[in-house]
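Every chain is numbered from 1, with letters handed out A, B, ... down the list of sequences.
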2 protein chains.
Amino acid sequence: MRADAKKNYDHLLEVGRELVAEQGADASMRDVARRAGVGIGTLYRHFPTREALLEALLRNSFDQLTAKAGGLETSDSPGEALVSWLRETVAIAHSHRGVIASMTAAIADPDSALHDSCMTMRASGTRLLARAQAEGKARADIDGADLFALLGALAWINDQPSLRSRADHLFGVIASAILVQGVSADD
Amino acid sequence: MRADAKKNYDHLLEVGRELVAEQGADASMRDVARRAGVGIGTLYRHFPTREALLEALLRNSFDQLTAKAGGLETSDSPGEALVSWLRETVAIAHSHRGVIASMTAAIADPDSALHDSCMTMRASGTRLLARAQAEGKARADIDGADLFALLGALAWINDQPSLRSRADHLFGVIASAILVQGVSADD
DNA sequence: ACCTGAACACCGTTCAAGT
DNA sequence: ACCTGAACACCGTTCAAGT
């Protein structure tokens with residue numbers, strides 16, 4: 001990439017992050033270009049779709065998440081590990097308000113720029129879920145796709161201003177549905 | 001209302017219902033006017049905001065829901081009554097794809113055309129929840145606003161095409177979090 | 001009373017013309 | 001290679017002019 005192009009790319013990313021933080025994942029593409037001081041065509045040259053921009057914005061956070069999941073996979077408390085990963089994932093989605101809908105759609109669309117990241121992210125969660133299930137700490141009747149959906153539901157609640165104040169409490173409610181509750185016979 | 005105006009009103013409502021069923025609650029207002037064969041100004045005269053149109057569309061369903069809640073309030077199985085009401089409410093929201101976000105915002109905005117209907121709806125749910133809690137059938141640490149948020153989360157899941165196939169299963173998962181699980185000491 | 005549609009201020013996205 | 005911004009096809013919403 002030419003030096004001037006790289007400078008534009010980096011600046012667009014920086015401005016994109018600002019605007020998504022301020023206005024959510026559906027912020028105006030024109031505003032991004034405008035605030036970055038480049039032509040709208042330059043934005044589209046670097047990020048041909050909104051998903052491409054979001055993917056670039058999320059990459060760091062997703063990599064962190066993958067690293068965290070890796071560490072948690074050897075934790076000796078698989079139930080807590082799962083919940084801890086869930087909590088961080090919800091927080092990342094919420095820090096890009098509204099992005100959860102794109103992520104959910106991307107899972108079903110191999111052509112989306114967000115597809116690979118989201119599949120990797122979901123796979124991390126699936127492994128943590130499977131470990132918790134293997135040790136009887138998570139209910140057995142859900143799979144990784146269900147976990148992703150519940151994560152989406154929690155992110156959605158977080159994203160609604162009028163529900164935000166209850167989001168942490170509701171995280172606990174849904175987490176309690178994922179974790180096995182009762183004392184099992186062989187405890 | 002003049003006869004010609006009433007005719008326009010009714011037709012706009014009919015077309016609005018069609019379009020929202022086809023394209024969701026964020027269907028183009030212009031499209032509604034276009035398909036109804038009236039000027040865009042006529043649509044805005046009858047429904048000054050999108051919320052006003054949605055409110056008119058939802059009124060029948062909400063009234064049904066209120067009636068159903070009334071009947072369920074004397075049911076001898078308050079846990080099942082709550083779940084049954086929840087299921088129908090989620091279905092109504094889903095039959096107006098995307099409307100749950102407007103409903104959630106309307107709860108916090110007394111000026112929204114949807115505010116009153118949504119408050120009434122939430123109050124119905126709150127009464128069913130309170131009854132279930134009084135009989136120890138629902139967890140005690142949630143209130144009507146939490147129930148509404150969980151309902152929103154379920155409606156959101158239903159509205160995502162890629163999650164739709166798991167929505168019924170996840171309804172069960174979240175319902176199980178609302179209902180009290182274990183066998184309590186005094187059973 | 002009510003209806004109409006031009007007008008305004010926006011979008012997302014593309015692409016010919018420039019450097 | 002890369003950048004620019006006019007152009008196209010849309011929005012939601014308002015309001016002067018008509019019937």
Do B:Leu53 and B:His46 have side-chain heavy atoms sitting under 4.5 Å apart?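 No; the side chains remain at least 4.5 Å from each other.
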Would you indicate whether the side-chain heavy atoms of A:Ile107 and A:Met119 approach each other to under 4.5 Å?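 Yes, close enough: below the 4.5 Å cut-off.
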Any Lys/Arg nitrogen of A:Asp4 or A:Lys7 sitting under 4.0 Å from an Asp/Glu carboxylate oxygen of the other?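 Answer for the salt bridge query: no.
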May I ask you to decide whether A:Lys6 forms a salt bridge with A:Asp10, counting only side-chain N to carboxylate O separations under 4.0 Å?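 Result for this pair is yes, salt bridge flagged.
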Got a donor-acceptor contact below 3.5 angstrom from the A:Arg17 side chain to the A:Leu57 backbone?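 Checked: pair present.
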Base contacts versus sugar-phosphate-only contacts with protein, heavy atoms under 4.0 Å: please encode nucleotides 9-19 of chain C as B, S and - from 5' to 3'. --BBBBB----
If we ignore angles and hydrogens, is there a donor and acceptor under 3.5 Å between the side chains of B:Ser84 and B:Lys68?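 Indeed, the side chains of B:Ser84 and B:Lys68 share at least one donor-acceptor pair under 3.5 Å.
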Would you indicate whether B:Glu18, at its atom CD, is surrounded by more than 12 heavy atoms from other residues, nucleotides or ligands within a distance under 6.0 Å?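 Yes, CD of B:Glu18 has more than 12 neighbouring heavy atoms, counting only those of other groups under 6.0 Å.
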Given atom [atom1] of [X] and atom [atom2] of [N], what is their separation to the nearest angstrom?
X: B:Leu43; N: C:dC2; atom1: CG; atom2: C1'; value: 14 Å
X: A:Asn8; N: D:dA1; atom1: CG; atom2: C1'; value: 12 Å
X: B:Phe47; N: C:dC3; atom1: CZ; atom2: C1'; value: 15 Å
X: A:His46; N: D:dT4; atom1: NE2; atom2: C1'; value: 12 Å

Stem list for DNA chain D, please, built from Watson-Crick and G-U wobble pairs under 3.5 Å and keeping only runs of at least 3.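 If one scans DNA chain D for consecutive Watson-Crick or G-U pairs, the stems found are C:4-8 with D:12-16, C:12-16 with D:4-8.
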Atom pair CG/CZ of A:Leu12 and A:Arg45 - distance to nearest 0.5 Å: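 Here the interatomic distance stands at 12.5 Å.
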